Amino acid sequence: DQQVKQNSPSLSVQEGRISILNCDYTNSMFDYFLWYKKYPAEGPTFLISISSIKDKNEDGRFTVFLNKSAKHLSLHIVPSQPGDSAVYFCALLPGPGAGSYQLTFGKGTKLSVIP
Amino acid sequence: GAVVSQHPSWVICKSGTSVKIECRSLDFQATTMFWYRQFPKQSLMLMATSNEGSKATYEQGVEKDKFLINHASLTLSTLTVTSAHPEDSSFYICSARVGTSGPTDTQYFGPGTRLTVL
């Protein structure tokens, strides 16, 4: 059973508009949430993260929102640029009580930003 | 940022042979290295966690005798797929973590190794 779901396998957005990528999870043990960006034939690179004590974290064009009660997080990219075209994974970490710091990944959403 | 390399980037082998994949942290010492596998259109699945000088911890369903992990130093971990079969064909990615204090310790990912078993 998938604990982390990215229900949109792909998303196309016009350059300059907002891209919104969504991630839902089922287990309340997750305490720290990360977004990774991945280009073809490359490993994921860390983009932005948020801890469960916050509901928003912003870094330049990237903002991550967390709704703990809904077990939902989202990544907003604005304005979107063609170089943002990649696969975006959300990855979740359990809290300290779980005894491990192992990432659980979603399946990814392929973002295409159209010039 | 920190760099993690993997070698080879792509390997094709015959069924029944063994393949070794190297993961190196180039400019930092990694206390922990992770090995992931990604099938097409699937998420990255953690296979095992290894700490330098100790035995790897394998995730449920991952055969430790088939996927041998050696973490001989703070900058090198190897994954050996023994007696590879076509169903082992996948994209294998390693990551390295610097600290041990918790979730804020960033994992740096290697570029991945695509294994094709004929």
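Throughout, protein chains are lettered first and strands after them, A, B, ... in sequence-line order, and every chain is numbered starting at 1. The figures that follow rest on heavy atoms only: side chains count, while hydrogens, waters and symmetry mates do not. Since this is a predicted model, take the numbers as computed values, not measurements.
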Tell me if the NE2 atom of H7(B) is crowded by more than 12 foreign heavy atoms within 6.0 Å.
no
ILVMFWY network linking M45(B) to F30(A), side-chain heavy atoms under 4.5 angstrom
no
Is atom NZ of K71(A) surrounded by more than 12 heavy atoms (other residues, nucleotides or ligands) closer than 6.0 Å?
yes
Can you find a pair of side-chain heavy atoms, one from S43(B) and one from V4(A), that are under 4.5 Å apart?
no
Looking only at heavy atoms, what is the nearest atom pair of F89(A) and Q42(B), with distance?
CE2-O, 4.4 Å
Is any side-chain heavy atom of Y36(A) less than 4.5 Å from a side-chain heavy atom of L44(B)?
no
Do L79(B) and V11(B) share a hydrophobic cluster (ILVMFWY, side-chain heavy atoms under 4.5 Å, transitive)?
yes
Would you check, one step at a time, whether the test side chain to side chain contact (heavy atoms under 4.5 Å, CB included) holds for F34(B) with L103(A)?
CA-CA 10 Å; F34(B) 303 87; L103(A) 290 168; over 6 Å; no
Let me know if Q6(B) has heavy atoms under 4.5 Å from chain A in its side chain, its backbone, both or neither.
neither
Determine whether F109(B) and M47(B) fall in the same hydrophobic cluster, where Ile, Leu, Val, Met, Phe, Trp and Tyr are linked whenever their side-chain heavy atoms lie under 4.5 Å apart.
no
Pairwise side-chain contact, K38(A) with I93(B), heavy-atom cut-off 4.5 Å (strictly under)
yes
